[in-house]
Structure formats: C-alpha cells, structure tokens
Amino acid sequence: MANKIIQTVKGTREFYPEQMSLRNFIFDKVRAASHSFGYQEYDGPFIEAIDLYAAKSGEELVKKQSFTFEDRGGDLVTLRPELTPSLARMIAAKQNELTYPVRWWSFGPFWRYEQPQKGRSREFFQWNIDMLGVSSPEADAELIAVAATFLRSVGLSPELALIYVNNRRLMDSEFDALGISNEKRIEVSNLVDRRSKMEPAKWDAYAFEIGLSQPQLDGLKNILGNFDLWKKSEELTRLFSALEALGVKEYVKFDPNIMRGLLYYTGTVFEAFETSGSLKRAVLGGGRYDNLLADVGGQPVSGIGFAMGDVVMGIILQEKGLLPEFALTPAQVLVTLFDEKLSNESFKLVTELRNAGVNAMAFSEPVKLPKQFKFADKMKMKLALVLGPDEVEKSQVVIKNLVTGEQVQVAREALVQSVMELLKSI
RNA sequence: GAGCCUGUAGCUCAACGGCAGAGCGCUACACUGUGGCUGUAGAUGUUGAGGGUUCGAAACCCUUCAGGCUCCCCA
C-alpha cells in the first residue's frame, strides 16, 4: 500500500458498481413510493450560505456539525446538512404561484461533520418528502402511508419495521396537566428521548436534576406507559382512522415515547424503527411543522414531512437479506470475437442487437474463446454468441444460454429475434 | 468534543519479542471453437503511516491516519 495514495476524506463514501446498485435500488423504491402518491421531484443547491441554517438551527449544530468554509469571495458557505431550509425558501419565493397542496420529494446528497460509525457517515443520501398547505390529520396519515408503502416495497414487513406515532399537542396538554412549565418542555423532551438509553435509576435522577417533582415524575411515567393515550386526541383518532382506510394500519403504532428532538414540530411526529434487530434503529422520521417559512420571509404555511437516510436503510436491507441479486453489467449478451478477420462481423451483429434495444457488448479482443466465455460468466451475462468461420459460411450464429448451458444455432437474419425471445424466457 | 477497541496478501483471519502464513479469491496450464466442476503449477505484503525501545518488532512505547463501539448530537 503506497503511502502516496491520497485517502478519501474521512466519512465520505466511494460507490463501486455494486454499492451503486444498492444506492440506485433504494433510489428506485423511493421514487416509486413518492410517485405512487403523486409527489413531484425537486432539488435545492448542494451548497448554501451558512446563514440559511443559522436562522433555524442551533449554534452548535452549525458550527460543529456542518462542513463550512470560506469561498474565494470571502463568503461563508456550507455543504447542505439538510434540505428543509432550502425547501422553505423555495416555497416562500413562489408562495403565491404554487398550486396547493404542494407535494414534493427529493433524494440527494447531504453532509454532516460527525463521528463516522456504523450507519452514520459524513456524506449520505437522504430522501425528503413533504406536503405543504394542508394541516389535517388526514394529510399526516398520507405521509405516514408513503413511508409504510416504501417499507413494504423493500420487503420490510410490519414484523421487521414499524412506524411509531405521537402528537406534540397531546403531549403538551398532558404536560400542562402535570404542571410542567413551557420552559421545561425542551428538557423534558430530551429526558423522554433518552429513556430507552438510560438505566431507570439514572433516568429518575436526571428527571429530578432538571427540576421535576416526584408527583410530576410519576405522572410522566404514567403518560409514557399509556399506549391508549391517543384516544384522548381527536387528531390522532382521525389519523388512525385514515391510516386504516389507506391500508397501512398494521405498520403504525402509537407510542408516547416518541418525541423527536426538533423544536419546530408542532403536531404529529413519527419515527420508523427496525424492530427485529438486536438494537432498534431509527430508519426514518418526521412530523408536522406549522411555521417553517417565517425565517425565510414567507407567510405561515403548515406542512408535514419526513426524511430517510440511505446508510441505515442499506445496512438493514443487507442484513435482512432483502436485496435482489444485482446484475453486474447491464449487458445481457456477450458477442465473442473469433479472430481478427471476423471481428467486424461481430461488431455488426452487436450493433444490430443494440439497435433493437438489447444491451450487449462485444469482447474487447479476439482472444481464445474460453477466456471470453469466462468473462461472460463472471459478469453474469445471460447469453454468449459465437460467430466463427463455420457460422459465417452457413450464415448462422451460435447462441449459448449461459444459465442453462444449452446452445442453439440460428439463422443470421433471425438472430435478433431469437435473442430477444431467449432473453424473455430467462 | 470525550472514552475504549481494531488495523497483517484482493477478502476472512493466523503467527510466545526470533525465517510473515492458511483458507477463499486471482493468474496460467490440462482445454488451439465454449464459462461454471475438477486437477496441477504460480504470483501477491515496506504487517495503515511516521518515529522510538531492542542484538532482533507485525507484536512493546509515542505520534498520526482510518475503521468500529459508546457518550454527545441527530437539523
């Protein structure tokens, strides 16, 4: 290993064709789920002024967890760590000319300066999908249904992954009833978020530390253990009713422990977890926000959306064996080259195949056939064609089915037709 | 930003401070008109990088880079 080779930047990822297949597999499923609900694809800039995030995000976040640098003009720019602020600006800029509700989705690269570990890199792809301009529980249900549709489409059944739902307004009224003040809400949210990670005794101590009384802590535990709490919320009642009609009820469970750290969520919040693994991992999350446009100069618009990263999803699909076998090459057919004299015959033939819409490649040089067949085999191609002196003389071509090992000889004129039929049958 | 673990052939991993190895993969041949299977032969390393201790370092020490686990964070 020569030390002169420059390494990749920490936390970035190289996509060899195999990994690219996985990335595109996820992208394809994301697109299919988004499109099946009528969402339009969009994208924002990959580089933004840091101020765009400074407005809404915490200081630590912008300073410590973003890739920020000075451009040649002296402006501070950052590689986008999320899409929502860009979306908010884009909506605000055309607020009065858009047709509502806006249903938009995007899949693109993002960067966060974090400690890389399994399931978390500094460069990742993220699916963002939002509906803006409607604030009904039924709209919330639709986004959850999009998420469920995606999970189903990649083979993650409800036994493997579930979407847990809660509602900020419901929790707020419960906290009010316990006399937990507004100022303490954020700390209490953090407290709830951490419950699964902490030992009970330590968690209790932490609760007292942030100023909860014993009755408040007891009340909080009651709330967090009450999985029928949603019945008190009209929003959630309507949400679950809509989810049933949308055919995804089995994917969704109410869970009062779902808080989501984000300050800007105001109503429904949800998070999907892989449930069958040794540790539960969040695979996507989102919720309803009411006032995202204020910071970018727009009128208040309510929206609901979620985001899903490609890294964790890719790991889960691999671990669960849910990935199809990816083709190594898009070419299904290899046209062998017999010798230098006959090479052009093979090139003509492969061109005919391409013109007919068959992905095909000719071998690169007229080396001996075993080598060419070995290549076709390794690349997992379906058919290999042989065009040697015997065939040319008789105006025929040999087609070998590399999957079954069967071989047929067909007339040169009927070749394209035969290949297409054979491919269909494989 | 903090703590801990790891880094040896393309991959998975061995090697008490004393000759760097195995399996798989790879290449060639058996097989000058046909891949997979089988057999035979072969190639491959500054032991992540840099420095130190030692007669001698893959191993011990320091620095650094990368990966992993956890805390933090999760927009």
Side-chain angles (χ1 to χ4, degrees), chain A residues 1-13 16 48 50 52-66 78-88 110-122 124 126 128 189-190 193-194 197-198 202 259-265 271 278-279 281-287 289 292 295 305-309 311-312 315 334 336-339 342 363 366-392 397-409:
Chain A
M1 254 148 261
N3 57 6
K4 296 215 169 109
I5 292 175
I6 294 171
Q7 291 181 323
T8 55
V9 173
K10 182 173 182 170
T12 58
R13 295 192 288 159
Y16 286 81
E48 289 275 15
I50 191 170
L52 182 68
Y53 306 102
K56 193 76 195 178
S57 317
E59 214 173 288
E60 179 186 323
L61 179 92
V62 174
K63 280 189 182 154
K64 287 189 177 169
Q65 296 198 296
S66 63
T78 186
L79 295 173
R80 63 180 187 183
E82 58 161 333
L83 189 57
T84 308
S86 304
L87 168 66
F110 295 86
W111 295 265
R112 289 179 195 173
Y113 198 84
E114 298 188 274
Q115 285 313 310
Q117 46 187 274
K118 195 174 188 182
R120 175 175 288 180
S121 57
R122 290 185 173 179
F124 56 95
Q126 197 174 67
N128 283 265
S189 294
N190 282 334
D193 270 341
R194 281 185 212 175
K197 290 184 184 174
M198 292 173 84
K202 279 189 181 167
M259 290 303 290
R260 308 268 314 147
L262 278 191
L263 302 181
Y264 58 64
Y265 289 124
E271 239 167 12
S278 48
L279 62 160
R281 277 189 291 214
V283 297
L284 63 85
Y289 44 86
L292 213 55
D295 292 316
F306 69 84
M308 179 190 84
V311 183
V312 170
I315 291 172
L334 176 75
T336 60
L337 300 190
F338 193 82
D339 59 28
L342 293 175
F363 201 75
V367 296
K368 52 185 176 182
L369 286 178
K371 205 162 184 182
Q372 303 194 35
F373 271 80
K374 210 163 198 168
F375 174 79
D377 184 50
K378 283 198 170 172
M379 295 301 265
K380 298 209 170 122
M381 291 195 257
K382 305 277 191 265
L383 302 177
L385 309 192
V386 181
L387 195 53
D390 300 351
E391 288 78 18
V392 170
V397 180
V398 165
I399 307 176
K400 179 153 187 182
N401 182 332
L402 294 171
V403 181
T404 63
E406 286 161 23
Q407 180 166 310
V408 290
Q409 223 176 77

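Chain identifiers are assigned alphabetically (A, B, ...) following the order of the sequence lines, protein sequences preceding nucleic acid strands; residue numbering begins at 1 within each chain.
Side-chain atoms of A/Arg120 come within donor-acceptor range of the base of B/C73, with a qualifying N/O pair under 3.5 Å. For a distance-only test at 3.5 Å, the side chain of A/Arg112 fails to qualify as a donor-acceptor partner of the base of B/C74. For A/Lys400 and B/G35, a side-chain-to-base donor-acceptor distance below 3.5 Å is present, hydrogens and geometry of angles not being considered.
Between A/Phe375 and A/Phe363, the two ring planes are perpendicular [angle over 60°; tilted spans 30° to 60°].
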Secondary structure of RNA chain B per the Watson-Crick/G-U criterion (both distances under 3.5 Å; [ ] crossing, | other strand, . unpaired) is (((((((..((((....[..)))).(((((.......))))).....(((((..]....))))))))))))....

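A/Gln372 pairs by the side chain to side chain donor-acceptor pair (under 3.5 Å) definition with nothing, not counting sequence neighbours. Under the side-chain contact (heavy atoms from CB on, under 4.5 Å) criterion, A/Pro370 pairs with A/Lys368, not counting sequence neighbours. Annotation: side-chain contact (heavy atoms from CB on, under 4.5 Å) contacts of A/Glu391 (sequence neighbours excluded): A/Leu387, A/Val398, A/Gln409. The side chain to side chain donor-acceptor pair (under 3.5 Å) test applied to A/Ser189 returns no partner, not counting sequence neighbours. Checked against side-chain contact (heavy atoms from CB on, under 4.5 Å), A/Asp377 has no partners two or more places apart in sequence or in another chain. Under the side-chain contact (heavy atoms from CB on, under 4.5 Å) criterion, A/Lys118 pairs with A/Ile315, A/Glu319, not counting sequence neighbours. For A/Thr8, the side chain to side chain donor-acceptor pair (under 3.5 Å) criterion is met by no residue, not counting sequence neighbours.
Distance, A/Glu406 CD to B/U34 P: 19 Å, rounded to whole Å. Rounded to a whole Å, the NZ atom of A/Lys202 is 11 Å from the P atom of B/C72.
A/Arg80 comes within contact range of no nucleotide atom at all, as no heavy-atom separation falls under 4.0 Å. Residue A/Val312 is out of contact with every strand shown, counting any heavy-atom pair closer than 4.0 Å. Using a 4.0 Å heavy-atom cutoff across all strands shown, A/Gln372 reaches no nucleic acid atom at all. Looking at heavy-atom distances under 4.0 Å, A/Gly11 makes contact with sugar-phosphate atoms alone, never a base. Contacts of A/Gly285 with the nucleic acid, taken as non-hydrogen atoms under 4.0 Å apart, are absent.
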Distances under 3.5 Å between nitrogen or oxygen atoms of protein and nucleotides 30-33 of chain B:
residue	atom	partner	partner atom	Å
B/G33	O6	A/Asp390	N	3.0
B/G33	O6	A/Asp390	OD1	3.1
B/G33	O6	A/Asp390	OD2	2.7
B/G33	N1	A/Glu391	OE1	2.7
B/G33	N1	A/Glu391	OE2	3.0
B/G33	N2	A/Glu391	OE1	3.3
B/G33	N2	A/Glu391	OE2	2.6

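The CZ atom of A/Phe110 sits 13.0 Å away from atom OG of A/Ser121, with the distance rounded to the nearest 0.5 Å.
Taking the P atom of each, B/G50 and B/C13 are spaced 25 Å apart, rounded to whole Å. Nucleotides B/A9 and B/G23 have their C1' atoms positioned 12 Å apart, rounded to a whole Å. Taking atom C1' on both nucleotides, B/C24 is separated from B/C60 by 33 Å, rounded to a whole Å.
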